[in-house]
Structures are given as structure tokens and as C-alpha cells.
Amino acid sequence: MKTYTNSVNGQSVEAADHQEIFNPATGDSLGLAPLSTESDVGSAVDAARLAQPGWATISDQERRDTVARVAQVLEDNSEYLAELITREQGKPLSGPGSRFEMQACVGWTQVPAALELPPEIVFEDEKRKDILHRVPLGVVAAIAPWNWPLMIAIWQIIPAIRMGNTVVLKPSEYTPIATLEMVRLINQVLPPGVLNTVSGDGRIGAALTSHPGIDKIMFTGSEATGRRIIEASTRNLAPITLELGGNDAAIILPGTDAGAIAEGLFWGAFLNMGQTCACIKRLYVHESDYEAVVGALSTLAGQMPVGDGMDESNLIGPLQNEMQYNKVKELVADARANGCEVMEFGNMPDTGYFLPLTLVGNIRDGQRLVDEEQFGPALPVIRYQSVDEAVASANGLGAGLGASVWANDPEQAQQIALNLEAGTVWINQHGAIHPMVPFGGNKNSGYGVEFGLEGLKAVTQPRVISVKK
Ligand code: NAD
């Protein structure tokens, strides 16, 4: 059985303890992932601290060139890593699956490599000149979730490295292997100590985020863990970028052509089997359009090939883990017990954490499947009578990551969008993130943004040089 390792100071380090990782589609063993100790966390932070001053003092151009070489390594190894993602995480190779995740890893590395944050004259008159420089924070702790394990790790580590920080990354305990392999490959072109890993569950995450040697925390995951991380950061006062859960509402304005938007709605809701932070998790449809929208989504859901994602003909795979599988089943069972109409599609394989693509009708705000983040392939479709009522519903929960408005007239949709409490409101698309466009949550979905120049600023601190003339 293959044993995977952490990377510390450019070396593969053997762990004393391991956990076996299984394919969620087949139950096959994938090998042993390392389990770090608190002392391993200390060694990884020490390595990152030691490497940071040297990495910060090489020229900006040299760092950009190195990050561009990282993008090339990702591109060269994308098929190997995509297959590992499919085996470990479950999303299919095809469609918006693991090859798509690898393309995103490459793109989200190329863009920071191309961006610049030069010093900025923020004030000047005859007496003084004030120049704002952006300097690295130091050592960044990156804590990743299991749904897009490599892409989200890249979002966290690449801007940090680009700006002269060093990193200690902890992948999710559900999906460590593909991430550790990606880091091993990336480290072929990074100087030792710039990118290090530790592995394990929340205890190791807590040891890392509370470590006094950490200067910044990048966290993507659930709201509950986000709150714990804020508490942990009182030990090191590290600023945090918090990307937390979403419960994104999509509102279809009355009279919108259901056939024209069905595919966008479908993938907006069922991308990665719904295990995506910014997926449509509540769909609000005017009562006069309800039958047409449910009909169009049902047709698509009924046609989707479901199964082991290593088979290139499949577009829908299993849920990633038993915990999530049971959670989604429980929410659907709760809806059924409360009289909702549960519409299930697809022929499920006998093994693995497969759940049918599910639309749930005759459901209202206040029911668990609407109010809780399902993070799975079960979409509540809620009828509304007035657009004001739909907007109030969309804004009625604590989450504020994304939202979308769907309409024949995009101008009309933009007016509605301004009233939605979310970090991003998409028009006639959902979850359409881009490496140049800042992305982050409002309300309980977190704070801070990633991507683009704003994302680079978030992994620096301002240093003002103020000159008397
Ligand atoms: P999670 O919070 O359970 O785990 C995320 C990571 O935090 C894991 O690596 C875990 O080991 C670690 N962790 C757990 N306890 C910790 C602690 N006390 N201190 C430090 N680290 C700790 O989340 P998950 O189940 O892996 O991910 C799903 C959630 O993430 C969903 O709510 C989803 O919406 C959200 N998410 C948000 C975004 C975004 O960009 N906003 C993106 C993807 C996922």
C-alpha cells in the first residue's frame, strides 16, 4: 500500500502515524496519508519562518517567474492529479469535474504570477510625499476543505507565496492525498521551506492556527470552524481571511424562459454534487413559472450519467464522505416527513456514497432543507408570489456568500441584485468565479476577499514611507 508524506523544508517527511484513505465511489483503498503531531506543526512553522526572509528579499520578478513555473508544473501533472482527485474526492474526470479543477489550479496560479502590486504614492504636496508599500506578512497558515481540495488550496497558497510569504498548508483530513502530491510536485520548483504541509484533523488545524509563529490565516470551511479559528487567533493576532459556508438563493424573475436557463441552473445547483460553497442551495420561482422550471430541471437531471468518475462518460459522482451523505439524506427525509414533494433522478450504483439528484417541491422557508446548508444534490424549489417576497426570503438567513437573479432582461435583474445581501450576485449564471474578480462572503459567510489585486493585498501588510521634503 502506498504511503504518502508531508513536505517540510523541501523534504518528504515520514509520519509516525497514518490514516487509510478510501475512494468514495468504490470503497477501494487509496493508500496511507500521514497524521501529523503538534510537534510536527512546530517543525513545519519553524521551516517556514526560516525560509521567509530569503524568499521575501529576492526580486519581485524572480518570485513571479517562480510562480509561473509552479503553474507549468501543475499543467504538466494535471492528468495525474485529476485522476487522484477523482479517486479521492469523487468528482468525475469529465464535465465540470477534476480536469476542470486542475485547469482552475493552473489559471489561479498564472494570474497572480502576472499581477503586480507596485508601491503607491498615496499623498504628495510641496512639504511631503507618502508612499504605500505592500510587504509580506510572514508565515501564512492555510486550512483547506474537502470539496475542491486542490483548487481551494491553490487559492490560499499562491497569492501568499507570490507576495513573499511562506506557507504551512493543512489539507482536509477527508482529502489529503491529492493535495500532498500536488505540494510535492510544486516543491520541485520552489525553494525549500516556502511551502510546507501538515496533515490531520481539526486538532492539527487548531495547533497550526493558534501557533505563535503564524502571521496570517487563510481559512475555507464551515462557519462553526471559522468561529473556532477566530478564537484560536487570539494567541497570535493573525489577521484572517474567512471563506465560510453559503446558502445561496437563486431568484428567477417572473416570465423568464425556463428552457434558456435550465442548464445554467442545473450546474449552478449540482456542480460537484452540490458540494460547492457557492452553489444554488435555494431556488425561488414565481408560482406561474414553477411547472416549467421544475420540468426543465427534471429533464436534465434525468439525463445525467451517474457513477464512478473514472469512467469518462459519467458527469455526476458520489458524495465525498459518509458524514455528508448522511446529512443530505437526513435533510431530504425531514422534507419528505413534512409533506414536501421529493423528486429523485438517476440510477444509483450499489456501492459508494451515491445519492440521487433530487428536487424538492412543495417546500417553504423555515424547513430544514431550505434553512440549513445541505451541501449536496438536493435542491429545494420554493414558489413565490411577489419579487419583494423572494428578495426578503433570500436575505432572511445568516449566510451571505453568493446569490443569483435569472431574467430575460439582465438590466432588470441587476436592479434586484443590488438588494441581495451577498458577496457576489450573479446574473443569469451562478458560481461563475474568476481569478481577477474579488470573491468573499457577507454576513456569516466570512470576511475578507480572495482573487485579483484585492486578494494579493490580503496577504500583505501596508508599510508607509513618509518623506519630508
Ligand atoms: P470544516 O470546517 O469541517 O473543515 C475545514 C478545514 O478546517 C479542514 O481542514 C478541517 O480539518 C479544519 N478544521 C476543523 N476544525 C478546526 C479547528 N478547530 N481549527 C483549525 N482547523 C480546523 O469544513 P468542510 O466540511 O471541510 O467544508 C465544507 C464547508 O466549507 C461548507 O460549509 C462550505 O460551504 C464551506 N466552503 C466555503 C468556501 C468559500 O469559499 N466560502 C469554499 C468551499 C467550502
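Atoms within a ligand are numbered from 1 in the order they appear, just like the ligands themselves.
- At a cut-off of 3.5 Å, with distance as the only test, a side-chain donor of Y284 or D365 sits close to an acceptor on the other residue.
- Counting heavy atoms closer than 4.0 Å to ligand 1, residue N147 contributes side-chain atoms (C-beta onward) but none from N, CA, C or O.
- Less than 4.0 angstrom separates some heavy atom of L244 from each of these atoms of ligand 1: 37 (C), 38 (C), 39 (C), 41 (N).
- At the top of the distance list for atom 38 (C) of ligand 1, counting protein heavy atoms only, stands C277 CB, 3.0 Å.
- Set against the non-hydrogen atoms of E173, the atoms of ligand 1 under 4.0 Å away are 8 (C), 10 (C), 11 (O).
- At a heavy-atom distance under 4.0 Å, no atom of T276 approaches ligand 1.
- Distance from atom 9 (O) of ligand 1 to its nearest protein heavy atom, with residue and atom name: A144 O, 2.8 Å.
- Taking the six-membered ring where the residue is Trp, W146 and Y174 present perpendicular rings, their angle passing 60° and hence far from 30°.
- Counting protein heavy atoms only, atom 34 (O) of ligand 1 is closest to E373 OE2, 2.6 Å.
- Looking only at atom types and distance, the side chain of S404 has a donor-acceptor partner in the side chain of W406 under 3.5 Å away.
- Checking only distances, S222 does come within under 3.5 Å of ligand 1, N or O to N or O.
- Contact annotation: the side chain of D334 never approaches that of L369 to less than 4.5 Å [non-hydrogen atoms, C-beta and beyond].
- Nearest-residue assignment for atom 24 (P) of ligand 1 (options W146, W155, F219; heavy-atom criterion): W146.
- Distance check: I251 CD1 to R282 CZ gives 8.5 Å after rounding to the nearest 0.5 Å.
- Counted within 6.0 Å of CD on Q11, heavy atoms from surrounding residues, nucleotides or ligands total 12 or fewer; the atom is thus considered open.
- A salt bridge is absent between E173 and R203; no separation between the charged side-chain nitrogens and carboxylate oxygens falls under 4.0 Å.
- With hydrogens and angles left out, the side-chain atoms of E20 and S29 include a donor and acceptor closer than 3.5 Å.
- Between F451 and W155, the angle of the ring planes goes over 60°, which puts this pair in the perpendicular group of the 30/60° scheme.
- With hydrogens left out, the protein atom closest to atom 21 (N) of ligand 1 is G205 CA, 3.5 Å, a heavy atom.
- Taking every heavy atom of F439 and a limit of under 4.0 angstrom, the matching atoms of ligand 1 come to 40 (O).
- Looking only at protein heavy atoms, the nearest one to atom 19 (N) of ligand 1 is A206 N, 3.4 Å.
- Crowding of E263 atom CD: a count of heavy atoms from other residues, nucleotides or ligands under 6.0 Å not exceeding 12.
- No heavy atom of W148 sits closer than 4.0 Å to any atom of ligand 1.
- Proximity of E223 to ligand 1, defined as any heavy-atom pair under 4.0 Å, is not found for any part of the residue.
- With hydrogens left out, the protein atom closest to atom 40 (O) of ligand 1 is E243 CB, 3.3 Å, a heavy atom.
- Using modelled atom types, one finds a donor on one side chain and an acceptor on the other under 3.5 Å when comparing D40 with T37.
- Nearest non-hydrogen protein atom to atom 33 (C) of ligand 1 is F375 CE1, 3.3 Å.
- Each of V139, N165, T460, T241 was compared with K216 under the side chain to side chain contact (heavy atoms under 4.5 Å, CB included) criterion, and only T241 meets it.
- The distance from the NZ atom of K170 to the CD1 atom of I204 is 8.5 Å, given to the nearest 0.5 Å.
- Ligand-side atoms of ligand 1 in range of P145: 26 (O), 27 (O), range being under 4.0 angstrom from any heavy atom.
- In summary, the atoms of ligand 1 found under 4.0 Å from a heavy atom of I229, numbered by their order in the structure, are 19 (N), 20 (C), 21 (N).
- In this structure, atom 4 (O) of ligand 1 lies nearest to the protein heavy atom T225 OG1, 4.5 Å.
- For ligand 1 and L401, the ligand atoms under 4.0 Å from any heavy atom of the residue are 41 (N).
- By heavy-atom distance, the residue among S233, S172, G441, G221 lying nearest atom 29 (C) of ligand 1 is G221.
- Here the straight-line distance linking atom CD1 of I316 with atom NZ of K91 works out to 12.0 Å at 0.5 Å rounding.
- Residue K170 approaches ligand 1 through these ligand atoms, each under 4.0 Å from one of its heavy atoms: 8 (C), 9 (O), 10 (C), 11 (O).
- For the side chain to side chain contact (heavy atoms under 4.5 Å, CB included) test with D248, the passing option among I280, L420, L401 is L401; the others fail.
- Ligand-side atoms of ligand 1 in range of I143: 6 (C), 7 (O), 9 (O), 12 (C), 21 (N), range being under 4.0 angstrom from any heavy atom.
- The shortest separation from a heavy atom of G246 to ligand 1 is under 4.0 Å, placing the residue in contact.
- Using a non-hydrogen distance threshold of 4.0 Å, Y174 does not register as a contact of ligand 1.
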